[in-house]
Amino acid sequence: MTDQTHSTKPSPEAVAARAVLLGRARWGLPEIAFWAIAFGAFFFMPTKLSLLSEIAILGLLALSIDLVLGYAGIVTLGQGAFFGIGAYAAGLAAKYGAGAAPWSDPLLGLLIAGAAAGLIGLLTSFLVLRGSDLTRLMVTLGVALIVDELVNQMKWLTGGSDGLQGVLPAPVLGVWDFDLYGKTAYLYALGVLFVLFVIARAIVKSPFGLSLQAIKGNPLRARAIGMPVNGRLVAIYTLASVYAGIAGGLAAQTTQFASPDYVAFHRSADALLMLVFGGAGHLYGGLIGSIIFRAMQDYLGNITPQYWQFWLGLTLVALVLFVRGGILGLFAKMRDRVLRKGEPA
Amino acid sequence: MFRRQILKGMAGATASLALASIPAFVAPAFAQETVKVGLILPMTGPSASTGRQIEAGARLWMAQNGDTVAGKKIQLIIKDDTGAADQSKRLATELVINDKVAVIGGFGLTPLALSVGPVATQAKVPAVIMAAGTSTIVATSPYFVRTSFTLPQNTAPMAQWSAANNIKTVVTLVSDYGPGLDSEKAFKAEFEAKGGKVLETLRAPLMNPEFAAFLQKAKDLKPDALFLFVPSGQGASLMKQVGERELAKAGIKIIGTGDVTDDDQLNGMGDALIGMITSHNYSAAHESPENKSYVSAFLKANNNMRPNFMSVGGYDGMALIYKALEKTKGDTDGAKLLDAMKGASWTSPRGPMSIDATTRDITQNVYIREVKKVDGQLYNVEFATIPNVKGSN
């Protein structure tokens, strides 16, 4: 398709477009710093590794919502369903695969988690194509509630309300066992997050990613210029559910159990909240949102175990009132202001 | 202009919050003479009342007995797990690694306790279960000890009483999770061994239960009695629907475990409950000097909140930790503390209790009670005692 145009002789427009795309894909200094700090945290926050791996996992879930909401404009309250499917898939693989060498391997477990969630994502994506924002919200919520109830009722498989116990994944790459301090868990979760982030970044900066943004901006016009709108939406929705499934798989492996709480509605809502908090449509929004959300919960929860939700809620309301577009939106605004000052009037 | 100032203020607030949170990331210096006890409780979310009661019970023990044992100062750390098992596990890990606690305790629900088991085993830190009631939990880690109760312990006496009091047929209705199934199994086994017949075992989902259809089914079966179990906190909504279905008028006696007639909510459940028979390990109306002073001190310290069975779990949990520290002369080694806890016995507000030396589970009296109005308030008034019932075998 695109290859045909510049396999003969690239037109000046194609060259320019290529330059734009490559420019967008370049890694900036803040990005490199972000990941350096994330990996560095392993050394300078050794006592908080369990919390940090939880943040990495929630960040991945929020990232998966960013893919559908921030880039394709699909409002979803059901991402927790895929998270839960992934958690139970990886949990069951580790539980019943214990001893049978390859099956309890964590990386294979993640593949199983991603595949299971992706399959359900693919099947339900056709429902999401129908209707407008509000209908989509209802459909995703409905799917999540069905999965929640299935987990609750299929006691023989999932352990019901008591949760899935005895999830014992093999050491990562056959070497690093999951330890009490969460060292393996953090590097493992962060490593997986980083790899998936790089892939997501490449996807959203590609022509495919740009076409998604066009669809988000105006689906009718996108269709009019010949974009396969439905196909693109199915693709990104399925990809996002694979991401959420892998996040769930990570959660089940690092905490070594799965419970209906992983499928519960508040998981989807929390992740959406984190994304809005950080700013949707930047990829980093979900990551930064989950860091701040969890750090605040931990900090406030230590001061006032009973009333931390109040202060967290208050901060959220203030943020939504005064800072549109989340924390990254605030940064973007400040950067614009500085740049504008530098320009001659 | 005004808007810009607000923005600046917000940025400042965020920055200072970020700075303020730094100390939280750095483990506080560990003073040798303090012994830290970490309680992991659901302080928010649907099980918040359990957390509130246990914290109040634990704090009351410390207020009455001082915060120093065997020359060491006791520091209580409360963590909110919101009732989510992954949080319980992470908080347990952090308490052990960062705060270097000598004992962890709390655990509002069975899955929360189960998730903490591996941490206690790995870190060799005693974990005192102050609420969760599934019988099998204690066996999952050699460091578990229980000061609450188990469902079979509280249920079997109800079945014995029913069989002896002219109840021939029963329908059971329980919440569909570990403790509920424990309770159903214990009732059926004991009741049928005594010659009764369980017509039907109904199970309502734990989350967002809708009892109406189950109650109608129970009514249609026309048993002599309907046995109920739901966890602490769900009793009010269940009993409201029991009242609406007029089961008592249809000649069906309502029986259950004391979880249903939870002291925390009982007074608000209405007069329809009068006459309900339950079996349980604790009632705020228990007749003893220990309980009189416990209840009055509890009401005073907690803005007139009535203590329930969860609160004594926290109170006796602290009692057990204090007794163990006295016995080890302040040594906080996990294995030594655990040994000191095994076989401990004392008189609690609930009556005499002890920790079984082999199972590490609780042995205590179970009481048969009737809901009655005393001084204008509803209470579970005890009228029979089954002494020294074991928590698990």
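We name chains A, B, ... by the order of the sequence lines, and we start the count at 1 in each one.
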Practice item. Please name the pair of heavy atoms, one in A:Gln153 and one in B:Pro205, separated by the smallest distance, quoted to 0.1 Å. Key: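 For A:Gln153 and B:Pro205, the tightest heavy-atom pair comes out as NE2-CB, 4.5 Å.
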Check your understanding: Where on B:Ala123 is there a heavy atom nearer than 4.5 Å to chain A: the side chain, the backbone, both, or neither?
Key ->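 Backbone plus side chain of B:Ala123, per the 4.5 Å heavy-atom cut-off to chain A.
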Point to revise | Structural part of B:Ile137 lying under 4.5 Å from a heavy atom of chain A | key: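 Looking at B:Ile137, nothing touches chain A.
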So, taking the atom named [atom1] in [X] and the one named [atom2] in [Y], what distance separates them when rounded to the nearest 0.5 Å?
X        : Y        : atom1 : atom2 : value
B:Glu94  : A:Tyr181 : CD    : OH    : 13.0 Å
A:Glu54  : B:Lys89  : CD    : NZ    : 12.0 Å
B:Gln87  : A:Gln297 : CD    : CD    : 5.5 Å
B:Ser115 : A:Gln165 : OG    : CD    : 7.5 Å

Check your understanding: Within a radius of less than 6.0 Å around NZ of A:Lys155, do more than 12 heavy atoms belonging to other residues, nucleotides or ligands occur?
Key ->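 For A:Lys155, atom NZ is crowded (more than 12 foreign heavy atoms under 6.0 Å).
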Check your understanding: Hey, is CZ on A:Phe331 packed in by over 12 heavy atoms from elsewhere, all under 6.0 Å?
Key ->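 Counting other residues, nucleotides and ligands, CZ of A:Phe331 stays at 12 neighbours or fewer.
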Side chains of [X] and [Y]: closer than 4.5 Å at any heavy-atom pair?
X        : Y       : value
A:Phe257 : B:Asp86 : yes
A:Leu51  : B:Arg90 : yes
B:Asn98  : A:Lys48 : yes

Exercise for review: Could you look at A:Gln306 and say if it's the side chain, the backbone, both or neither that has a heavy atom under 4.5 Å from chain B?
Suggested key: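 For A:Gln306, the contact with chain B is made by backbone and side chain together.
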Point to revise | Atom group of A:Tyr307 that falls short of 4.5 Å from chain B, counting heavy atoms | key: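 For A:Tyr307, no heavy atom lies under 4.5 Å from chain B.
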Exercise for review: Identify which of B:Thr93, B:Ile97, B:Asp176, B:Leu206 forms the greatest number of heavy-atom pairs closer than 4.5 Å to chain A.
Suggested key: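 The residue among B:Thr93, B:Ile97, B:Asp176, B:Leu206 with the greatest pair count is B:Ile97.
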**Study point:** All ring pair (Phe, Tyr, Trp, His ring centres under 6.0 Å) counterparts of B:Tyr143, not counting sequence neighbours
**Key:**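 Expected list: none.
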Practice item. Report, by ascending residue number, the residues of residues 77-85 of chain B in heavy-atom contact with chain A at a distance under 4.5 Å; give 'none' if the set is empty. Key: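 Residues of residues 77-85 of chain B touching chain A at under 4.5 Å: B:Ile78, B:Lys79, B:Asp80, B:Thr82, B:Ala84, B:Ala85.
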Pairs under 3.5 angstrom only: tabulate donor-acceptor contacts from the side chains of residues 103-113 of chain B to other protein residues two or more places apart or in another chain.
| unit_1 | atom_1 | unit_2 | atom_2 | d |
| --- | --- | --- | --- | --- |
| B:Thr110 | OG1 | B:Thr134 | OG1 | 2.6 |

Point to revise | Inter- and intrachain pairs under salt bridge (Lys or Arg N to Asp or Glu O under 4.0 Å), touching residues 108-136 of chain B, at least two apart | key: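 Salt bridge (Lys or Arg N to Asp or Glu O under 4.0 Å) check on residues 108-136 of chain B returns no pairs.
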